[in-house]
Amino acid sequence: MTSGLSGKRIFVATELNVLAAVNAHDGSIAFAFIADVISDTVERWYLSLRSDGSVAVVGVSPKVRVAVMVVGPDGKTKIQVRKLPAQWITKDTSCQLVGGEGFLCYSSASGSFHFLSVTDGQVFITKAVSELGFLPTSEMKLEAIATENGGSSPWVLLQVSRNHMALLSVSSSDFKVVKDLPKVEAAEVAYEGDSKVLLTVQRADPETVEFTGMDLASMSEQTDISQRISVLSGHGTIEKIFPLLFTKKKDGHLGAKVLMLAQDYSLHCTHKAGKSPWRREEALAYILSVEMVDLPVSENEAKFEDEFGSGKDDILAMFVKRIKVQVLQLQGFVEHIIQKLVGHRHHHPVISKSDAGDANSDEDDGEDEDSGLVRDAFSLHKMIVAVTGAGKVYGVRSHNGKIAWQHFFPSLVPFNRQGDEKLLLFIQRTTAHFPHPPQCAILGASRETGNGLIAIINPVTGAILKDTPPGGLDLGFKVIQAQLLDVYDEEFLKGILLVDSEVKVHFYPSSMKSVVLPVLNNLYLHLTNQDMGMMDGYRLITRGQDIVADKLWHIDLQHGQQVVTGVYGKRPIEHVHSQGRVLGDRSVLYKYLNPNLVVIITEGEEVPSPSSNKVSSALAGPSGFFNLYLIDGVTGHIVFHENHKRTRGPVKVVHAENWVVYSFYSEKHRRCEMAVLELYEGKEQNNATAFSSLNPPLNPLVMRQSYIFPMPIYTMSSTVTEKGITNKNIIIALKVGGVLSLPKAFLDPRRPSIPTQETMEEGTIPYVPELPVNLESIVNYNRSIFNVRAIHTAPAGLESTSLILVYGIGKYQTIG
C-alpha cells in the first residue's frame, strides 16, 4: 500500500489496484475506485499531487510494464491512461515520481536513467550516467524530497556514493543537474515561508560534521544556518537528515533544528550551533544475536590464578607469590574494616555546565569506566554482548543497562534467508581461562563482496583483538553454515567450523585444523536448504591433506507442498541433571537424551476438497497446516513426525532435554494453543554412560498433550541454570506486553484427568485444558515490552537463578 498527502486529502493505492482518497479531517472516504485498466500485478505504486489538483498515479510491474494514470480532483475523471513496456525495471530499480510531471528511474544493471513524461510521454527516454557527468556506482539511487504541506516538489536527490550527492530538477519534458554536491553525505530541501533552502551535511573531520544551508532561488549560502556539529566518525556516514526551518523572533533570520540519522542507526539532534543535546542508539531496536559473558575476577583472585596457572616456576617462587597474595588480602581486609568503622564518604566529582549538557558521553554519572567490571559473588552481573542488524556491536552492563562499549562495522551485514536476518555470535573463550583474555567472534556477510566477514573482539572490554582488521576479516568465500566446535587448543580457544557455498570445510582460526584431527571421527554436520526444502547430513573425513565433508544422508521435505520455517537444536550450555523421572510406583522412566536431535518445522497451505456447496468452499479458502519433525542430525533418522491441520503459524519452539514445547494458532478453534512432546526410552536404559546416534535405542516412547493458551504470544524460551538441577520455567513474551514465567510442570503430558494415588505421589498437576496466566508470574510487572524478537536466558552462579533478557524494540532484563 502506498499513500500520498495533500493539504486536505490522503491518497491511497492498494495491492488490489484500488485508488482511494480519504479526507484528512475526519477520515471519511472522498472517492474510491478499482483501477481496472491496470490488469497486471502491481508491486509498487507511486502517487504525486499535481499543480492543477489532479493526482498522478504510476504502477510498476517489474520486468513487465509501467502503467500511468492521471485522475481528476473529483476521482471520476481519468485524464490520462497509458501502459508502457519496461522489461528493464526490476525490484532493485530506484524510481521516483517527481512533481507529478516526470517519472524518473535509475537502473543499476544498465547504469542509465530512464525518464517518462507523465503528461504525454509514450516511451522512456534513456540517458547514461556519464551524460550527467558521473560514473555509475553500486550505491547510486534516487531519493525523494520532503514536500511542503503535501505539495509536489520539482526536485529529486541523486545519491552518487556514500559521500557524493546531486540535486536534480525534473520537468514534464526532461531532467538535469541543478547542483553537484561532492563530499556531501546527506541533503534535504526545507521550506519556511517563501524560502526554499537546500540543507547539506558533510564530514569536516573525524569528530564533527559541517551543516550548510543554500537558498535555491539565489544559490547563495545561508550563513545563519551553517554550523558544525559534533558527530564522531565511529557512527559512520550520515544517511538522512530531517530539518525544521523557523524564523527567529529576535532578528527575523532563519534558524534550523536538525535530526540526523547515521549509518549505525543512531539519531543525533541539534538546535544550537555546535550543540547536540541528545543522541539515541536506535540500533538497539534491531538486535539479532545476544550472549551474556561472565565478568573477570578481581585483581586478588587473578593473582591466585596466576600462582597456580603457571607450571614454570619453582617451589620457592610459588611460595613468594603466595605470601604476596596473602599480604594483599590482609591489606584489603583491614581497609574494609576501617571503612565499616569510620564510614565511607562518597565524594561526587564536580560537573561543569557544559559537561552536564553533553548527552554524547556514555560514562555513568561520577562512575569510573572500569567499576562494575568485576565478577560478583553469585555471577549475577554480566556483560551483555548484543549484535545488531546495523552492524553495530554493544557491550551492555546487565546490572544497570549502561553501554560499556560499542563498535561499528560498516561492512558487516546480516545473512538473509527468506527474509530472516541473522548475525552469528560465538564465545570462543570465556573469562575462566586467566591469563588469556576472553574472545568472541561476530560472523556475517560483507556488504561489498557478499563473502563471510568475521570480527574478533574482547567481549568484556570491547577491544578489537590485534592481528585482526578493525573493520572485520573478509573470509574470501560465502558462508552457508557455521558452528562452534567443542574442542580447545592449547590456549583454551574454541574454533569455528565454516562451510562455504560449495560445501567445502574451513576452520577459524586455521590452526584449529590440527586440533580437530584427533576427534574427527566424532564430527558431523547437517545443512538445511530452506529454498529447496532439502536437508543433508555429512561427516568430516580426511582426504589427502584436507578435511572434507562426506555426504551421508538426504531428506526431501517436499518444497512444493510446504516450506521449512524453523530449525531448532539444543543449547550447548544446557546441563541435564537427572537421567530419568521417578514414577509413583518407585520405578524410573528414563529420558531419551539425544544431543543430536533437531526439530524441523515446515508450514504450508492445503486447498479444501471440492464439495457440493461451491460457494462455501470458495469462501473457506486454503487451510493452513504445519509439520513437526524430530530428526537425528547424525544419521538422518526421523525419530518422530507430527502433522497439525487447520493451523497457522508462526510456530514458536522451545527444545531442551527430552522435551519440545511449541505454540501455534488453531484455525479450527480460533485460539492460541500449546503442545508438548516428551521422549522416553522406557523403564530400561540403553546406555547409562553416553548416547550414540550410531547405536541408538529403539524408537522412543513419545508422550504428548495440547493445551489452550488464552493470549497470543511473540516468542518463547526456557530458563537455564548452572547445573540443571532447578526445574525449568517457560518464559513467554505476551503480545499484551507482559513476560510470563510458566513452570514446565504445567506443560506436562502426563497430567492425569483423574488423579490417582501414584500421580499424587509424583506431584503431577491434574489435567485442565487451559493454561493459567497468573498475574504474579508476570516478571516485568508494569514495564510492558512490545514487538519482542527473542528471549535470551543465561545461568547465574547461584543454581536456582537464571538471568532473562527480553529484546525487540525495547529491552528488559531481570533475574528469575
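From a predicted model like this one, the values you see are computed outputs, not experimental measurements.
The backbone N or O of Leu679 sits less than 3.5 Å from a side-chain atom of Asn658, completing a donor-acceptor pair. Side-chain atoms of Glu673 do not come within 3.5 Å of backbone N or O of Ile708 as any donor-acceptor pair. Judged by distance alone, with hydrogens and angles left aside, the side-chain atoms of Gln439 form no donor-acceptor pair with the main-chain N or O of Arg429 at under 3.5 Å. Without hydrogens or angle criteria, Lys382 side chain to Pro795 main chain gives a donor-acceptor distance under 3.5 Å. Proximity of a side-chain donor or acceptor of Thr726 to a complementary backbone N or O of Glu799 within less than 3.5 Å is detected. Here the side chain of Tyr812 pairs a donor or acceptor atom with the backbone of Val779 at under 3.5 angstrom. Remark: the backbone N or O of Gln406 is not paired with any side-chain donor or acceptor of Lys392 at under 3.5 angstrom. Under the 3.5 Å distance criterion, the side-chain polar atoms of Glu681 are matched with a main-chain donor or acceptor of Asn686. The backbone N or O of Val460 sits less than 3.5 Å from a side-chain atom of Trp405, completing a donor-acceptor pair. A donor-acceptor pair under 3.5 Å is formed between the side chain of Arg789 and the backbone N or O of Ile287.
Few gaps surround NE2 on His641; more than 12 heavy atoms of other groups in view lie less than 6.0 Å from it. More than 12 heavy atoms of other residues, nucleotides or ligands shown are found within 6.0 angstrom of OH on Tyr629. Residue Lys811 qualifies as enclosed at atom NZ: its count of foreign heavy atoms under 6.0 Å is above 12. Within 6.0 Å of CG on Asp486 lie no more than 12 heavy atoms contributed by other residues, nucleotides or ligands. At most 12 heavy atoms of other shown residues, nucleotides or ligands fall within 6.0 angstrom of atom CZ in Arg783. Other residues, nucleotides and ligands contribute over 12 non-hydrogen atoms within 6.0 Å of the CG atom of Asn699. More than 12 heavy atoms of other residues, nucleotides or ligands lie within 6.0 Å of CG in Leu694, so this atom counts as buried by the packing criterion.
Note that the CD atom of Gln685 and the OH atom of Tyr590 stand 5.5 Å from one another [nearest 0.5 Å]. The OG atom of Ser800 sits 11.5 Å away from atom CG of Asn727, with the distance rounded to the nearest 0.5 Å. A distance of 9.5 Å separates OG1 in Thr721 from NE2 in His577, rounded to the nearest 0.5 Å. Once rounded to the nearest 0.5 Å, the distance linking CD1 of Ile631 with CZ of Phe640 reads 12.5 Å. Rounded to the nearest 0.5 Å, atoms OH (Tyr592) and CG (Leu677) are 13.0 Å apart. The distance from the OH atom of Tyr508 to the CG atom of Leu493 is 9.0 Å, given to the nearest 0.5 Å.
Below 30°, between 30° and 60°, or above 60°: for Tyr488 and Phe492 the angle between ring planes is above 60°, a perpendicular geometry. His644 and Tyr662 have perpendicular rings, their planes meeting at more than 60° on a 0 to 90° scale where under 30° would count as parallel.
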Using the side-chain contact (heavy atoms from CB on, under 4.5 Å) rule, take Glu291 and Cys440 through it: C-alpha gap first, then chi angles, then the decisive distance, then the call. CA-CA 10 Å; Glu291 288 289 347; Cys440 72; over 6 Å; no
Could you go through the side-chain contact (heavy atoms from CB on, under 4.5 Å) check for Asp748 and Val676 one step at a time? CA-CA 7 Å; Asp748 187 348; Val676 57; over 6 Å; no
Under the side-chain contact (heavy atoms from CB on, under 4.5 Å) criterion, do Ile464 and Phe409 qualify, and how do the steps go? CA-CA 11 Å; Ile464 298 177; Phe409 300 94; 4.3 Å; yes
Do Arg375 and Thr431 pass the side-chain hydrogen bond (donor to acceptor under 3.5 Å, both in side chains) test, and can you show the C-alpha distance, the side-chain angles, and the key distance before you say yes or no? CA-CA 10 Å; Arg375 188 181 307 174; Thr431 55; 3.0 Å; yes
Would you check, one step at a time, whether the test side-chain contact (heavy atoms from CB on, under 4.5 Å) holds for His399 with Asp376? CA-CA 11 Å; His399 60 287; Asp376 58 302; over 6 Å; no
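Here the closest heavy-atom approach between residue Leu484 and residue Ile427 is recorded as CD2-O, 3.5 Å. Closest heavy-atom contact between Leu443 and Ala482: CD2-CB, 3.5 Å. Nearest heavy-atom pair across Lys728 and Ala656 is CE-CB, 4.4 Å. Across Met760 and Pro755, no two heavy atoms sit closer than the pair CG-CB, 4.3 Å. Heavy-atom minimum distance, Met383 versus Arg397: SD-N, 4.2 Å. Closest non-hydrogen pair, Tyr265 versus Glu282, comes out as O-CB, 3.0 Å.
Between the side chains of Asn729 and Thr719, no donor N or O sits under 3.5 Å from an acceptor N or O. Side-chain contact, Arg571 with Ser718: no donor N or O sits under 3.5 Å from an acceptor N or O.
Between His526 and Thr528 the shortest side-chain heavy-atom distance falls below 4.5 Å. Side-chain contact between Leu597 and Val660 is absent, with no heavy-atom pair separated by less than 4.5 Å. Counting heavy atoms from C-beta outward, Asn780 and Val806 have side chains that stay 4.5 Å or more apart. Residues Arg751 and Gln705 fail the side-chain proximity criterion, which asks for heavy atoms closer than 4.5 Å. Phe664 has its side chain out of reach of Leu628: every pair of non-hydrogen atoms, C-beta onward, lies at least 4.5 Å apart. Residues Val374 and Leu295 fail the side-chain proximity criterion, which asks for heavy atoms closer than 4.5 Å. Within the 4.5 Å cutoff, no side-chain heavy atoms of Trp553 are placed close to those of Asp632. No side-chain heavy atom of Leu497 sits under 4.5 Å from any side-chain heavy atom of Leu523.
A salt bridge is absent between Lys744 and Glu657; no separation between the charged side-chain nitrogens and carboxylate oxygens falls under 4.0 Å. Look at Glu678 and Arg750 and you find no salt bridge, because none of the NZ, NE, NH1 or NH2 atoms lies under 4.0 Å from a carboxylate O.
Side-chain rings of Tyr714 and Phe786 stay apart, their centers remaining 6.0 Å or farther from each other.
The ring pair (Phe, Tyr, Trp, His ring centres under 6.0 Å) contacts involving residues 725-749 comprise nothing, where partners must be two or more places apart or lie in separate chains.
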